[in-house]
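To keep things clear, I will list the structure first and then write my remarks on it.
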Amino acid sequence: MIALKISNKKDFMSKLLKSELFDDFFAEEITIDTFNTFHIDGRIHKDFYKDTAEAEVQTDLQDFSRWQDLKAICFDLIKGKRTPLSLKFVFHAPADIKKTLLTSADAGLSEDQVKLGVNIRFSNSDVVLTTGTAFSIFSLDKEIEKAWDNYIPSFLDKSGISCEIL
């Protein structure tokens, strides 16, 4: 686990809310504190698609919504003249990134045995990203965790987002 402080908050928030940079990430949880606290549970209710024409297409639904599907809602809650009191986003890595990292780390884990997460918090005028790894099995191997901790700063750097390790 590492924590990264974003240097240019305005640029980062613009990329998060207006670009496609994080679109493929899965959103587990979102909390937005403005004049009220808005909480979004990103877990998909698969029964919602039952008995619809979409049911056949949606049989391969993930557990969580993609950020691209929630981004506009969040942007509408955030936009305005006043800065939100705080923001919290809990994202999981998209399948292609997870698969690449699992292969490169040679951890001997399957995709369903590990979740690679990144928490994004805005509070006290700072934006801090924290990586996290959750296993559904017991493992002493930390290679996938190291790979994820190395990936996020590299991803940010390639995206033109400067940060410092806390």
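The chain is numbered in sequence order, starting from 1. Note: hydrogens, waters and symmetry copies are ignored here, and every other heavy atom, side chains too, is used.
- In terms of modelled atom types and a separation under 3.5 Å, the side chain of Ser19 and the main chain of Leu21 share a donor-acceptor contact.
- Partners of Pro94 according to the side-chain contact (heavy atoms from CB on, under 4.5 Å) rule, which considers only residues two or more places apart in sequence or in another chain, are Asp24, Phe25, Asp96, Ile97.
- Under the 4.5 Å side-chain heavy-atom criterion for Ile, Leu, Val, Met, Phe, Trp and Tyr, Val127 and Ile2 are members of the same hydrophobic cluster.
- The backbone N or O of Ser159 sits less than 3.5 Å from a side-chain atom of Lys15, completing a donor-acceptor pair.
- Remark: Thr37 engages Asp33 in a side chain to side chain donor-acceptor pair (under 3.5 Å) (not counting sequence neighbours).
- For residues 67-88, the set of pairs meeting the ring pair (Phe, Tyr, Trp, His ring centres under 6.0 Å) definition, not counting sequence neighbours, comprises Trp67-Phe89, Trp67-Phe91.
- A donor-acceptor pair is defined here as one N or O able to donate and one able to accept, closer than 3.5 Å; no such pair exists between the side chain of Ser14 and the backbone of Lys10.
- Judged as a salt bridge (Lys or Arg N to Asp or Glu O under 4.0 Å), the pairs with a partner in residues 115-134 (not counting sequence neighbours) are, in order, Lys5-Asp126.
- Between the Asn150 side chain and the Lys146 main chain, a donor and an acceptor come within less than 3.5 Å of each other.
- Pairs engaging residues 105-151 under the ring pair (Phe, Tyr, Trp, His ring centres under 6.0 Å) rule: Trp148-Tyr151, Tyr151-Phe155 [sequence neighbours left out].
- With sequence neighbours left out, Gln113 forms a side-chain contact (heavy atoms from CB on, under 4.5 Å) with Leu109, Ser110, Ser136, Ile137.
- The pair Asp63-Arg43 fails the salt-bridge criterion, with no side-chain N (NZ, NE, NH1 or NH2) lying under 4.0 Å from an Asp/Glu carboxylate O.
- No side-chain donor-acceptor contact under 3.5 Å links Lys98 to the backbone of Ala93.
- The two residues Lys79 and Asp76 make their nearest non-hydrogen contact at NZ-OD1, 3.3 Å.
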Could you walk me through whether Thr130 and Asn119 pass the side-chain hydrogen bond (donor to acceptor under 3.5 Å, both in side chains) check?
-> CA-CA 5 Å; Thr130 308; Asn119 296 335; 5.6 Å; no
